[in-house]
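Structure first, then comments.
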Amino acid sequence: MSQAQAVAHHIALTLPDGKVKKFDTTPTGADLAAAIGPSLAKAAVAVRVDGEYRDLLRPIEQDAKVEIVTRTSEYGLEMIRHDCAHVMAEAVQELFPGTQVTLGPNIDNGFYYDFYREQPFTPDDLSKIEAKMREIIARDAKLTREVWTRDAAISFFKARGETFKVEIIKDLPEGETITIYRQGQWLDLCRGPHMPSVGKVGTAFKLMKVAGAYWRGDAKNPMLQRIYGTAWRDQKELDLYLHQLEEAEKRDHRKLGREMHLFHQQDEAAGSVFWHPRGWTLYRTLEGFVRSRIENDGYVEVKTPQLYDSSLFKASGHWDLYGDNMFKVQADNGEKWLGIKPMNCPAHVQIFKQGLKSYRDLPIRMAEFGACHRNEPSGALHGIMRVRAFTQDDAHIFCRADQITEESLRYFKLQLGVYEDLGFKRESIKVKLALRPGPEKRVGDDALWDRAEEGLRQSLRTAGLEFEELPEEGAFYGPKVEFHLIDAIGRSWQCGTLQLDFNLPERLDADYVGEDSARHRPVMLHRAILGSLERFIAILIEHHAGKFPLWLAPVQVVVVGVTNEADGYVVEVAATLKVAGLRVETDTRNEKIGYKIREHSLQKIPVLAVVGMRDAEGKTVVLRRLGSEEQQTLSLTDAAKMLAEEAKRP
RNA sequence: GCUGCAGUAGCUCAGGGGUAGAGCAACUGAUUCGUAAUCAGUAGGUCGUAGGUUCAAUUCCCACCUGCAGCACCA
């Protein structure tokens, strides 16, 4: 646009390949792209100047390392989505005058924009908005950047009744350049950069859903309406994404849980799970696996009560901080309040406190498959991922301060080993370090928090784990490391956790006798590998799309008879496989073989052993694996031996 | 908890002011078959619950319950 002012000196721009382009006048990114080639000039949507992304038409005033950003690049896609959000906001304000705009950032696979409007947007409105967006994109208005003064921006938006926008501007840090992006008649406050014109957004976008969202993420604030959209470079990419979403829905644990007869849930027990025989087999297999691992790792297992007098939770701090989310029971004609345990830690401290402990006893690694109840808000419930009744594979490690690092490292090793054996690759596990919450939400003094946070940070580094720090997300008694896994549609769930706690031993008065024969406070490490068995099984179902590895599959083999003549042999085969330790069922129904194969395949049975009269005579079985059409004929003895070997727990 | 949407047969879903329909599953019979759906027949529902409007409600209205999506929460 306006690079009219010639400057005295040359400007040298260095391209990624090392070549240098020189300009006599102040160039823009567009000039640069044109100087490189006409096709690039056409494809360019932005320019990166010394690492900073900028509008194509902004003058580049100094020598710099530069890179042309095209629509097809990763950043180009980000720009498509962000521009698309602006187009959506324009469409909404054109269609629904009086609607206020607030913020509209990019997210994974798309974008959203939050609006304030009394009347709700209906799904029908979404298609209207989408149509209007296509109109706006077809108009292809130029997108231009303007720098405004704070006062000008405030009075402009105030005059328009955009109170949320005014608040945003007022909160911008002092000295921040306030930029406005104009597209035709419409404009928005935005940091940018944007593509040269709205037409570059293209047509490969779709509005997905409307949902409520609190202004500034605070439940005390008014609720805005958030419209989510997805946008891609071309229709092919969009179709692929929508197809992936459809595929992901097929992995949903709620759907597979029902179809595979694993569990069900019902209104009368909202937030709880009815485990069916197959699901409970899966549950017990997983529990047994973890139990064997922790037994090998020096844990002792305990079982503690469900109900406690409120005094215990008052002492621990849970009653005050989480009382609203606990199930409470009145007892002794209302003279007493009991609480159903929402976690196991105070109970484990009670066991620790029985008898005098010496420094020689530490560390004590006390584990429990502890059933807990939390009165989760109704909107938080989600299948069996977030429930009100769940079982943690919980443990508390009571140790001395000098054992923290060693114990943390030991836990990391155990935890990653378990995940690996359950089929999770390292890159699908996200590690986070949640730091101290606000003062009103935590107990203990700052020096303790400093020590605890630094302790975990060091352990993570020593373990060589990459992690993200989350300020203000820690537990009330200590910071925590979280191991997150991803569900079918990309939502991240905390599963394993390690929490360092200097506070509960103090509040619950736990101590041990040290070398100096004085009393000391132990440190508590709260840890869970799977987290909640319920949630982990949900993740496991979605991760494997129901196709469990043989050792985990609730039914490992179905022996399918070809004709009823072979029924006797079917029973014999099943008996032999059972003796070999396999979980086996038979299918002697009077149905065609293809029908039975189809049905058991849909049930995701890993191995089908098909036998007819030929096999009965030769004492053979024909194995068919899930997902393969191959047939493997073996002697019954060999098949039993081989499958038993394959089904061994890792 | 908040905003929006939804709840019809075991499952997936259609319908709509005059007390409901399909496919699959189930059951019965025939068929005895060699690797992803054999054929025929039968049965199955207080249309989430409770009120209201109406001659008449599963349909419209209200409340509640539950679920879904997101937000908030997650010891």
Side-chain angles (χ1 to χ4, degrees), chain A residues 112 114 119-123 125 208-228 252 254-255 258-259 264-271 313 316-326 341-346 372 374-383 385-386 392 434 437 441-443 473-478 480 482 489 491 493-494 497 499 501 504 526 531-532 535 560-567 588-602 608-615 622-624 626-631 633:
Chain A
Y112 66 76
D114 284 345
Q119 250 180 305
F121 292 116
T122 63
D125 292 336
M208 307 295 284
K209 56 199 170 195
V210 213
Y214 297 109
W215 167 236
R216 304 210 138 154
D218 190 330
K220 291 191 240 18
N221 288 340
M223 186 154 269
L224 308 171
Q225 295 187 66
R226 177 171 296 177
I227 303 180
Y228 287 87
D252 192 310
R254 293 163 298 190
K255 185 175 154 66
R258 185 177 54 242
E259 288 174 359
H264 88 271
Q265 297 177 281
Q266 67 184 50
D267 293 0
E268 289 83 354
F313 297 118
S316 71
H318 290 94
W319 197 267
D320 287 341
L321 280 155
Y322 290 100
D324 289 346
N325 296 314
M326 279 177 65
K341 71 170 170 183
M343 21 75 305
N344 310 296
C345 18
C372 297
R374 295 179 185 176
N375 194 1
E376 303 282 10
S378 57
L381 301 179
H382 179 85
M385 293 244 196
R386 184 92 181 260
Q392 291 178 319
K441 286 187 186 168
R442 66 173 191 248
V443 296
E473 300 266 315
F476 74 86
Y477 49 71
K480 56 177 182 172
E482 302 175 355
I489 62 166
R491 290 179 290 211
W493 296 85
Q494 181 195 305
T497 180
Q499 311 180 0
D501 179 5
L504 278 188
H526 307 236
S532 119
R535 173 178 297 179
V560 182
V562 178
T563 76
N564 289 120
E565 255 186 296
D567 284 357
T588 53
R589 289 174 304 169
N590 172 17
E591 291 290 349
K592 284 195 159 176
I593 187 69
Y595 178 87
K596 295 194 208 177
I597 301 256
R598 176 183 155 79
E599 205 165 72
H600 300 302
S601 297
L602 290 172
L608 299 183
V610 181
V611 295
M613 287 316 287
R614 280 209 304 265
D615 304 290
V622 182
L623 301 185
R624 181 196 166 109
L626 181 58
S628 161
E629 286 176 23
E630 227 172 280
Q631 295 173 32
T633 308

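Everything quoted here is computed from the prediction, not taken from an experiment. Numbers restart at 1 for each chain; the letters A, B, ... are given by sequence-line order, proteins then strands.
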Problem - Earlier contact from the 5' end, RNA chain B, for A:Gln631 and A:Arg374 - result: A:Gln631
Practice task
Would you classify A:Met613 as touching base, sugar-phosphate or nothing, given that sugar-phosphate means primed atoms plus P, OP1 and OP2, and contacts are heavy atoms under 4.0 Å?
Solution key: base
Exercise for the section: Give a yes or no on whether a donor-acceptor pair under 3.5 Å exists between the nucleobase atoms of B:C74, that is its base, and the side chain of A:Arg386. Expected result: yes
Fill in the blank from the handout: Mate of B:G70 across any strand shown (Watson-Crick or G-U wobble, both atom pairs under 3.5 Å) is B:C2
Exercise for the section: Just call it for A:Asp615: base, sugar-phosphate, or nothing, with non-hydrogen atoms closer than 4.0 Å on any strand. Expected result: base
Problem - Touch class at under 4.0 angstrom, heavy-atom based, for A:Gly478 against every strand present - result: nothing
Exercise for the section: Could you measure between the two C1' atoms, the one in B:U12 and the one in B:A75, and give it in whole Å? Expected result: 40 Å
Practice task
Remember a base hit wins even if backbone is also touched, and classify A:Gly317 as base, sugar-phosphate or nothing at under 4.0 Å, heavy atoms.
Solution key: nothing
Handout entry: Heavy atoms of other groups near A:Gln266 CD, more than 12 under 6.0 Å
Key = yes
Handout entry: Distance, rounded to the nearest Å, where A:His600 contributes NE2 and B:U35 contributes P
Key = 16 Å
Handout entry: Among B:G67, B:U35, B:A37, the nucleotide that comes nearest once only the side chain of A:Ala270 is considered
Key = B:G67
Problem - Salt-bridge criterion met for A:Arg216 and A:Asp218 (N-O under 4.0 Å) - result: no
Completion exercise
If pairing means Watson-Crick or G-U wobble with both distances under 3.5 Å, then the partner of B:U49 is B:A63
Handout entry: Base of B:G1 paired with side chain of A:Tyr214 (donor-acceptor, under 3.5 Å)
Key = yes
Exercise for the section: Using a 4.0 Å heavy-atom cut-off across all strands, classify A:Tyr112 as base, sugar-phosphate, or nothing. Expected result: nothing
Exercise for the section: Can you tell me, in whole Å, how much space there is between the C1' of B:C5 and that of B:G52? Expected result: 24 Å
Problem - Polar side-chain atom of A:Lys596 near backbone of A:Gly561 as donor-acceptor pair, under 3.5 Å - result: yes
Completion exercise
Across every strand shown, the nucleotide meeting Watson-Crick or G-U wobble geometry with B:C27 (both distances under 3.5 Å) is B:G41
Fill in the blank from the handout: Per nearest nucleotide of RNA chain B, the residue lying toward the 5' end, A:Val562 or A:Asn325, is A:Val562
Practice task
Using a heavy-atom cut-off of under 4.0 Å over every strand shown, decide if A:Val610 touches base, sugar-phosphate, or nothing.
Solution key: base
Fill in the blank from the handout: Between CZ of A:Arg598 and C1' of B:A37 the distance, given in whole Å, is 5 Å
Practice task
Would you tell me if any nitrogen or oxygen in the side chain of A:Ser378 comes within less than 4.0 Å of OP1 or OP2 on B:G1?
Solution key: yes
Handout entry: C1' atoms of B:G44 and B:A26, separation to the nearest Å
Key = 9 Å
Handout entry: Side-chain (A:Arg442) to main-chain (A:Phe476) donor-acceptor, under 3.5 angstrom
Key = no
Problem - Contact under 4.0 Å: A:Arg491 side-chain N or O vs B:A69 OP1/OP2 - result: yes
Practice task
Pick base, sugar-phosphate or nothing for A:Tyr595, based on heavy-atom distances below 4.0 Å to the nucleic acid.
Solution key: sugar-phosphate
Problem - Rounded interatomic separation in angstrom, taking CD from A:Gln266 and P from B:G67 - result: 11 Å
Practice task
Take atom P in B:G15 and the same atom in B:G21, then report the distance between them in whole Å.
Solution key: 15 Å
Practice task
Would you mind classifying the nucleic acid contact of A:Leu321 as base, sugar-phosphate or nothing, using non-hydrogen atoms under 4.0 angstrom?
Solution key: nothing
Practice task
For nucleotides B:A25 and B:A37, find the distance between their P atoms and express it as a whole number of Å.
Solution key: 12 Å
Problem - C1' atoms of B:U54 and B:C62, separation to the nearest Å - result: 16 Å
Problem - Backbone of A:Gly271 reached by a side-chain donor or acceptor of A:Gln265 within 3.5 Å - result: no
Exercise for the section: Using only heavy-atom distances, decide whether a donor-acceptor pair under 3.5 angstrom links the side-chain of A:Arg624 to the base of B:A36. Expected result: yes
Exercise for the section: Just call it for A:Gln499: base, sugar-phosphate, or nothing, with non-hydrogen atoms closer than 4.0 Å on any strand. Expected result: sugar-phosphate
Exercise for the section: Using a 4.0 Å heavy-atom cut-off across all strands, classify A:Gly594 as base, sugar-phosphate, or nothing. Expected result: sugar-phosphate
Problem - Spacing of A:Arg254 atom CZ relative to B:A69 atom C1', expressed in whole Å - result: 10 Å
Problem - Shortest side-chain distance from A:Lys592, nucleotide among B:U38, B:G67, B:A72 - result: B:U38
Fill in the blank from the handout: Picking from B:G34, B:A75, B:G70, the nucleotide nearest the side-chain atoms of A:Ala211 would be B:G70
Exercise for the section: Report yes if a side-chain nitrogen or oxygen of A:Arg442 is closer than 4.0 Å to either non-bridging phosphate oxygen (OP1 or OP2) of B:A75; otherwise report no. Expected result: no
Exercise for the section: Using the C1' atom on both, measure B:G67 against B:U49 and round to a whole Å. Expected result: 15 Å
Exercise for the section: Counting Watson-Crick and G-U wobble pairs only, both distances under 3.5 Å, name the nucleotide matched with B:G21, or none. Expected result: B:C13
Practice task
Would you classify A:Val560 as touching base, sugar-phosphate or nothing, given that sugar-phosphate means primed atoms plus P, OP1 and OP2, and contacts are heavy atoms under 4.0 Å?
Solution key: nothing
Exercise for the section: Starting at atom CG of A:Asp267, determine the distance to atom C1' of B:C64, rounded to an integer number of angstrom. Expected result: 12 Å
Handout entry: Gap between atoms CD1 and C1', on A:Ile227 and B:C71 respectively (whole Å)
Key = 15 Å
Practice task
Just call it for A:Arg258: base, sugar-phosphate, or nothing, with non-hydrogen atoms closer than 4.0 Å on any strand.
Solution key: sugar-phosphate
Exercise for the section: Send over the distance from A:Lys441 NZ to B:C73 P, rounded to a whole Å. Expected result: 6 Å
Fill in the blank from the handout: Across every strand shown, the nucleotide meeting Watson-Crick or G-U wobble geometry with B:A56 (both distances under 3.5 Å) is none
Exercise for the section: Check the side chains of A:Gln225 and A:Asp114 for a donor-acceptor pair under 3.5 angstrom, ignoring hydrogens and angles. Expected result: no
Exercise for the section: Under 4.0 Å between any heavy atoms, over every strand shown, what does A:His382 touch: base, sugar-phosphate, or nothing? Just pick one. Expected result: sugar-phosphate
Exercise for the section: Report yes if at least one side-chain N or O of A:Lys596 is closer than 4.0 Å to OP1 or OP2 of B:A37; otherwise report no. Expected result: no
Handout entry: A:Asn375 side chain vs A:Asn325 backbone, donor-acceptor pair below 3.5 Å
Key = no
Practice task
Verify, without hydrogens or angle tests, whether A:Asp320 (side chain) and A:Gly317 (backbone) share a donor-acceptor contact under 3.5 angstrom.
Solution key: no
Practice task
For B:U32, give its Watson-Crick or G-U wobble partner with both distances under 3.5 Å, or none.
Solution key: none
Exercise for the section: Have a look at A:Pro120 and say if it touches a base, only the backbone sugar-phosphate, or nothing, with a 4.0 Å heavy-atom cut-off. Expected result: sugar-phosphate
Handout entry: Separation between the P atoms of B:G4 and B:A20, rounded to whole Å
Key = 34 Å
